[in-house]
Amino acid sequence: MAGGGFAASSAGQEFEAKITPIVIISCIMAATGGLMFGYDVGVSGGVTSMSPFLKKFFPVVYRRTQEQEGVNSNYCKYDNQGLQLFTSSLYLAGLTATFAASYTTRKFGRRPSMLIAGVFFIIGTILNGAAQDIAMLIIGRILLGCGVGFANQAVPLFLSEIAPTRIRGGLNILFQLNITIGILFASLVNYGTNKITGGWGWRVSLGLAGLPAGLLTLGALLVVETPNSLVERGLLEEGKAVLRRIRGTDNVEPEFLELVEASRIAKEVKHPFRNLLKRRNRPQLIIAVALQIFQQFTGINAIMFYAPVLFNTLGFGSDASLYSAVITGAVNVLSTVVSIYSVDKVGRRMLLLQAGVQMFLSQVVIAIILGIKVKDHSDDLHKGFAIFVVVLICTYVAAFAWSWGPLGWLIPSETFPLETRSAGQSVTVCTNLLFTFIIAQGFLSMLCHFKFGIFLFFSGWVLIMSFFVLFLLPETKNIPIEEMTERVWKRHWLWKRFMDDYHIEGNQIAGDDLKKNGHANGFDPVSQL
């Protein structure tokens, strides 16, 4: 049964919109892009802690892990640029692919981009699972990265455009939920394959990425294209037909007209990336870029990439480290479900601020325990303290999973206007992948040099980002995408200063005149910008 309801318009009226089965199915299928991304994040840390994998591809690291205690620093066993490149190459490739994905998403639609992502994932998985040398391994990771670039470009846009306004936040977080499920699935697979005798368990771990890759490819073939994309490409009748299907009603004319008007204004912008730098678009750009940088400097990906390696460093055995990674993965999934239910009720700001406090305290306490108990050449982390460290890491992961994880993607996808949405999403994804690459490439070296101070480093960033949210991030809960300018940016103490002038077809329209006359005819086209 479809759930009845209404979606608000920028004119203040309400659009009729049911939560139809086709919306739910389309969103679930599309969000499998997150499942693939999550699996790739989770699997790399597991296989890099497996002795047969290290022995075949990274013998220097393998020998270091086998040496007697006291020869090498506990914190430096895994410090190897090649090993870090195995993880980080995926994100550098994703960064490069995002530029092509932006063009494809805009010119051909969201579905083709998701299909291309699926094909890249499948080919990359085959190369990784069958890898005979380091070159084959890295090429496979690069192709997986191209898939990540296309998926991260298309899926958040698809979800935000197909969902009714009042559940947009919850449905968009399906992407992040699937990332966390992918990480958990990878951790479980790694735990199982590590027990395979014969030294080929890592091939199973890397090869099973074919399952989510296949689901994404199948999903891309089955889902409907978004009405926004169809209208944007001039397929008006097809766009209206899809809008009727996904809203579960024939009364779609008001919403359809608003999409057409928004598309008309967007087409007048010939250079979306250049337009992104215009004064009126700077608040969305600054916030989107800042959120991606901050998301990575919470330290979450460092822990998720290298959880088994990190736990090994802290003195856990191989099985125990993989088991602990499974626990943190499960906490990640459950906490993301909390976000789905609370994001459109509690709001974005409250979740981010609460999580900031929880993450900061968790990291500081972890740093204190490790500073006292884990030295360079001795490991005095008794079972009680070891369990406490896992609990603290779970507390930290939980806070991230209901805040910075999903909201880092949700907020940019719902704040950019249609005219700069594809370009804005490209910048968002590029920034995320660039800083993900930096953290992935540098974390094991940072761990070697900072030691327990790595947690103090990330906690300092958590403090900074919490102040950013407190003073500079406006609430976007339950506000239609096309209405953000009037109801969000123009009312913020700082960002309203960037909203004083608008330029459409070379004519300047003063903000004061807009306030006076903008809704005279029940619809304000400038609010689409």
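The model shown is predicted, which means the values in this text are computed figures rather than measured ones.
- Checked by atom type and distance alone, the side chain of Thr428 pairs as donor or acceptor with a backbone atom of Gly424 at under 3.5 Å.
- Asp79 contributes no side-chain N or O that, together with a main-chain N or O of Cys448, makes up a donor-acceptor pair within less than 3.5 Å.
- The main-chain N or O of Pro412 is never found under 3.5 Å from a side-chain atom of Gln284 such that the two would form a donor-acceptor pair.
- Under the 3.5 Å distance criterion, the side-chain polar atoms of Ser49 are matched with a main-chain donor or acceptor of Gly46.
- Atom NZ of Lys56 is surrounded by more than 12 heavy atoms from other residues, nucleotides or ligands within 6.0 Å.
- Distance alone, capped at 3.5 Å, places no donor-acceptor pair between the Arg348 side chain and the Ile411 backbone.
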Without placing hydrogens or testing angles, list every side-chain donor-acceptor pair under 3.5 Å for residues 181-192, not counting sequence neighbours.
residue : atom : partner : partner atom : Å
Ser187  : OG   : Ile183  : O            : 3.0
Asn190  : OD1  : Ser205  : OG           : 2.9
Asn190  : ND2  : Ala186  : O            : 3.2

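- No donor-acceptor pair under 3.5 Å is formed between the side chain of Tyr396 and the backbone N or O of Ile366.
- In this structure, Phe452 and Ala367 approach most closely via the heavy-atom pair CD1-O, 3.4 Å.
- Contacts of Thr96 classified as side-chain hydrogen bond (donor to acceptor under 3.5 Å, both in side chains), with partners at least two apart in sequence or in another chain: none.
- Across Ser335 and Trp402, no two heavy atoms sit closer than the pair O-CB, 3.3 Å.
- Counting heavy-atom neighbours within 6.0 Å of Phe468 CZ, excluding the residue itself, gives a total above 12.
- The side-chain heavy atoms of Lys55 and Arg63, taken from C-beta on, include no pair separated by under 4.5 Å.
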For residues 215-224, which side-chain donor-acceptor pairs fall under 3.5 Å, sequence neighbours excluded?
residue : atom : partner : partner atom : Å
Thr217  : OG1  : Ala213  : O            : 2.9

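- The six-membered or imidazole ring of Phe53 lies away from that of Trp200, with a centre-to-centre distance of 6.0 Å or more.
- Not a single donor-acceptor pair under 3.5 Å links the side chain of Arg141 to the backbone N or O of Ser89.
- Ring-plane geometry between Trp404 and Phe294 is classed as perpendicular, the angle between the planes exceeding 60 degrees on a 0 to 90 degree scale with a lower cut at 30.
- With respect to the salt-bridge test (charged N to carboxylate O, under 4.0 angstrom), the residues Glu161 and Arg110 qualify.
- Here CZ of Phe57 is found 6.5 Å from CD1 of Ile134. Values are rounded to the nearest 0.5 Å.
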Exercise for review: Go through the steps for Gln153 and Thr98 under the test side chain to side chain donor-acceptor pair (under 3.5 Å), then give the verdict.
Suggested key: CA-CA 7 Å; Gln153 172 71 26; Thr98 294; 5.5 Å; no
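- Side-chain contact between Gln295 and Trp409 is present, with at least one heavy-atom pair separated by less than 4.5 Å.
- At least one donor-acceptor pair closer than 3.5 Å links the side chain of Arg64 to the backbone N or O of Cys76.
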